[in-house]
Amino acid sequence: MNTDLLFRNYYRPLCIYALHYLRNVEQAEDAVQDCFVRLLETDEEPQNARAWLYTSVRNRCIDQLRRRHPLLTDVHPEDMDGIISDEEAQERSFREARLWEAIDELPSRCREIFLLAKRDGLTYRQIAQRLNLSEKTVEHQVSKALKRLRGQQDSFFILFFL
């Protein structure tokens, strides 16, 4: 088992997956890191590392939720299925990770403007004032980012940002 390859392929999607449960970036990253440490320490190699990782992260998140909310002590992993479809959450985490990788590959100024507009919800005028640019430049950079992302991603992600 190549744990380096597993880490490169699954770390970001698993963090996003954990984030759907915990809604806290640091706690999600801690949960995923704990599961990778457990994987490294295990004597037996799991038959399906991907399934093992997702199940471990899910269980770790539920454990954290139980500690955070004592009323959830009677909640079991299978009880969460109605709240979060595990299969859907896994697929969504992979798609979101691919989207963020594509955003990371945008030129820095283009990425900054795009995130201010789409993630932070600023208007083109607000961005232009903040960055001392023209509104046309901001509009062009957002358009450029969307065009590049459309070329790399499915329509789900474009709708995510529109």
Check your understanding: Tell me the ring pair (Phe, Tyr, Trp, His ring centres under 6.0 Å) pairs involving residues 120-141, sequence neighbours left out?
Key -> none

**Study point:** Sequence neighbours excluded - ring pair (Phe, Tyr, Trp, His ring centres under 6.0 Å) pairs with any residue from residues 28-52
**Key:** F7-F36

Partner set under side-chain contact (heavy atoms from CB on, under 4.5 Å) for [X], not counting sequence neighbours:
X   : value
D30 : Q33
R23 : none
D63 : R66, R67
A18 : A28, V32, V57, C61

Could you tell me which residues satisfy side chain to side chain donor-acceptor pair (under 3.5 Å) with [X], sequence neighbours excluded, listed by chain and number?
X    : result
S143 : none
E139 : none
R125 : E135
D104 : R12

Point to revise | Nearest non-hydrogen partners of V25 and L19, listed with the distance | key: N-CD1, 3.6 Å

Practice item. Not counting sequence neighbours, which residues clear salt bridge (Lys or Arg N to Asp or Glu O under 4.0 Å) with R50? List them please. Key: none

Practice item. Go through the structure and list residues passing salt bridge (Lys or Arg N to Asp or Glu O under 4.0 Å) with E112, not counting sequence neighbours. Key: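 E112 satisfies salt bridge (Lys or Arg N to Asp or Glu O under 4.0 Å) with R109 once adjacent residues are dropped.
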
**Study point:** Whether T55 side chain and A51 backbone form a donor-acceptor pair below 3.5 Å
**Key:**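 Yes.
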
Point to revise | Side-chain donor/acceptor of Q126 to backbone N/O of T123, under 3.5 Å | key: yes

**Study point:** Worked check of side chain to side chain contact (heavy atoms under 4.5 Å, CB included) between Q64 and Y21
**Key:** CA-CA 10 Å; Q64 284 188 27; Y21 284 97; over 6 Å; no

